[in-house]
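The structure under discussion appears below in the form of structure tokens.
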Amino acid sequence: MGDSTEERAPQQRLDADVDLSKPSAARMYDWYLGGTRNWAVDREFGERAAATWPHVKLVAQHNRAFLRRVVGAALDAGIRQFLDLGTGVPTVGNIHDIVRRRRRKIRARVVYVDYEPVAAQQGRQVLDEDEVTHWATLVQRDLRDPEAIFDDPETRRLINTGQPICVLFIAVMHFIGDGDDPRGILDAYREVAAPGSWLALTHACNDAAPEPGAGNIQAVVDSYRNTSNPMWLRDYDTIVSWLDVPGWDLLKPGIVHPPDWRPVPGTGLTDEQEEARPYMWAGVAGKA
Ligand SMILES: C[S@@+](CC[C@H](N)C(=O)[O-])C[C@H]1O[C@@H](n2cnc3c(N)ncnc32)[C@H](O)[C@@H]1O
């Protein structure tokens, strides 16, 4: 079991409500990315997942790289507000880092949202340490309750819903089951967003993946059923039906695998990165 007090790094102050009896998606994902904000229970699960589906860490890296390119593109397009649903445990290259690098020229605001206590506590700590709390915050809430998120005083402090927002659902909607009406959840955020807003999404998939990878990711997804975050794969047509909706235009190049969304010119993929390409769909839509 992962609840070993000795393994906690000094910066990892935890409240009593952190459940260390089950692995969590936030902390496992941190482990996939090489982070340190995870516990034995998360690492054991992560190691089993990586043994079953060896591409998992590279897929997580493709996903983070997509996030960074979308944020850069949104800043280039003039968007100055970011609402990131399912932020995860903070790691290098988060949205406020990207904004910070351009901060001399750009003033933007960032609201992170995650319901996982470790992600929330660590996120707040990072924002404090980075001295960015006047323009970046973390709201500990469930993304299935958009009203509560938009009504939260912290969101209201930083987000003006009369101005365009980049709303990000990066590697999170695969934790929302069909019973929670994922398309309806996206619609609720779309409704609040002002014209000119963007909605960005990545989602785990295996409908374009060859065997044995397609079966391997399915086996990992099946194993998530016993974690705090059960997980679902969805196919291309489903993602199209979620993103290509009236009043919103799919931005070029449409719905693709993360490395294919506006790759940085002159960069290529190694053979291993290439093999890890077809395990997520990614897309961005803009409100007309
Ligand atoms: C795989 S991590 C993705 C982190 C980050 N978005 C990225 O792509 O790098 C998924 C995160 O979503 C969070 N999450 C899952 N379901 C959620 C929900 N209903 N509300 C808020 N956060 C949620 C988990 O706690 C986890 O931190």
Side-chain angles (χ1 to χ4, degrees), residues 17-20 22-35 37-39 42 45-46 49-50 53 56-71 82-98 110-124 126 138-150 152 155 166-182 184-186 188-189 199-205 217 220-221 224-225 227-233 258 261 279-284:
D17 62 345
V18 175
D19 179 4
L20 292 174
K22 278 186 182 171
S24 90
R27 303 186 316 250
M28 285 186 284
Y29 186 71
D30 177 62
W31 182 81
Y32 296 147
L33 288 170
R37 292 170 165 102
N38 48 70
W39 276 259
D42 310 307
F45 186 97
W53 178 42
V56 63
K57 291 185 178 181
L58 288 172
V59 172
Q61 288 168 21
H62 282 326
N63 180 63
R64 292 295 299 182
F66 169 82
L67 166 71
R68 289 193 289 272
R69 294 198 303 282
V70 169
V71 171
F82 294 87
L83 179 62
D84 182 39
L85 287 318
T87 295
V89 177
T91 182
V92 175
N94 260 339
I95 298 170
H96 75 277
D97 288 319
I98 299 163
V110 182
V111 174
Y112 294 118
V113 178
D114 206 295
Y115 67 179
E116 209 274 343
V118 172
Q121 288 178 31
Q122 301 284 309
R124 289 193 180 115
V126 165
L138 191 145
V139 171
Q140 187 180 351
R141 287 197 182 274
D142 192 319
L143 72 84
R144 290 170 291 188
D145 192 353
E147 209 176 317
I149 289 171
F150 282 111
D152 190 286
T155 312
C166 180
V167 187
L168 299 121
F169 294 87
I170 307 299
V172 66
M173 289 304 282
H174 42 237
F175 298 115
I176 305 295
D178 288 346
D180 282 322
D181 184 17
I185 292 172
L186 297 175
Y189 288 92
L199 189 148
L201 177 141
T202 61
H203 196 296
C205 67
I217 184 175
V220 167
V221 165
Y224 267 70
R225 292 280 147 89
T227 72
S228 307
N229 301 96
M231 187 174 169
W232 289 266
L233 298 175
W261 198 90
Y279 296 98
M280 279 200 156
W281 291 118
V284 183

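Please read all numbers here as calculations on a predicted model, not as lab measurements. All ligand and atom numbering here is 1-based and tracks the order in the structure.
- Minimum interatomic distance between Ser24 and Asp42 (heavy atoms only, all atoms of both residues): N-OD1, 3.2 Å.
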Working for side-chain contact (heavy atoms from CB on, under 4.5 Å), residues His96 and Val126: CA-CA 10 Å; His96 75 277; Val126 165; 4.0 Å; yes
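- The closest approach between any non-hydrogen atom of Met28 and ligand 1 is not below 4.0 Å.
- Under 3.5 Å, the side chains of Tyr115 and Asp145 contain no donor-acceptor pair of N or O atoms.
- Applying the 4.0 Å criterion to heavy atoms of Arg141 picks out, from ligand 1, the atoms 20 (N), 21 (C).
- Residue contacts with ligand 1: Asp84 is placed with no nitrogen or oxygen under 3.5 Å of a nitrogen or oxygen of the ligand (distance criterion only).
- Shown in contact with Arg144 at under 4.0 Å from a heavy atom are these atoms of ligand 1, numbered in order with element: 19 (N).
- Counting the atoms of ligand 1 from 1 in the order shown, those under 4.0 Å from a heavy atom of Ala26 are 25 (O), 26 (C), 27 (O).
- In this structure, Val110 and Asp84 have side chains that are not in contact, with every pair of non-hydrogen atoms separated by 4.5 Å or more.
- Interface atoms of ligand 1 facing Phe175, defined by a heavy-atom separation under 4.0 Å, are 1 (C), 10 (C).
- Proximity of a side-chain donor or acceptor of Asp114 to a complementary backbone N or O of Glu116 within less than 3.5 Å is detected.
- For Val172, every heavy-atom contact with ligand 1 shorter than 4.0 Å involves the side chain, none the backbone.
- Heavy atoms of Tyr115 found under 4.0 angstrom from ligand 1 belong to the backbone as well as the side chain.
- For the residue pair Asn63/Tyr29, the side-chain donor-acceptor check at 3.5 Å is satisfied.
- Contacts of Ala119 with ligand 1, taken as heavy-atom pairs under 4.0 Å, are absent altogether.
- A distance-only check finds no donor-acceptor pair linking the side chain of Tyr32 to the backbone of Val59 [under 3.5 Å].
- Residue-level proximity to ligand 1 for Thr202 is absent, since no heavy atom of it falls below 4.0 angstrom.
- Proximity annotation for atom 10 (C) of ligand 1: of Ser24, Gly88, Ala171, Ala171 comes nearest, heavy atoms only.
- For ligand 1, the atoms sitting less than 4.0 Å from at least one non-hydrogen atom of Asn229 are 15 (C), numbered in the order shown with element in parentheses.
- Using a 30° and 60° split on the angle between ring planes, Tyr189 and Phe150 fall in the tilted class, from 30° to 60°.
- Residue-level proximity to ligand 1 for Ile176 is carried by the side chain, the only part with a heavy atom below 4.0 angstrom.
- Of the protein's non-hydrogen atoms, Asp114 OD2, 3.3 Å is the one closest to atom 13 (C) of ligand 1.
- The closest donor-acceptor contact from the side chain of Arg37 to the backbone of Ala26 lies at 3.5 Å or more, if one exists at all.
- The shortest distance between side-chain heavy atoms of Thr155 and Arg141 does not fall below 4.5 Å.
- Side-chain atoms of Tyr112 come within 3.5 Å of backbone atoms of Ile95 as a donor-acceptor pair (strictly under, hydrogens ignored).
- With respect to atom 5 (C) of ligand 1, the closest heavy atom belonging to the protein is Thr87 O, 3.1 Å.
- Side-chain N/O atoms of His62 and Tyr279 include no donor and acceptor closer than 3.5 Å.
- When Ile170, Val113, Asp30 are ranked by how near their heavy atoms come to atom 3 (C) of ligand 1, first place goes to Ile170.
- Only the side chain of Arg64 comes within 4.0 Å of ligand 1, judged by heavy-atom distances.
- Of the protein's heavy atoms, Asp142 OD1, 2.9 Å lies nearest to atom 19 (N) of ligand 1.
- Closest protein heavy atom to atom 8 (O) of ligand 1: Asn63 ND2, 2.8 Å.
- Residue, atom and distance of the protein heavy atom nearest to atom 20 (N) of ligand 1 are Leu143 N, 2.9 Å.
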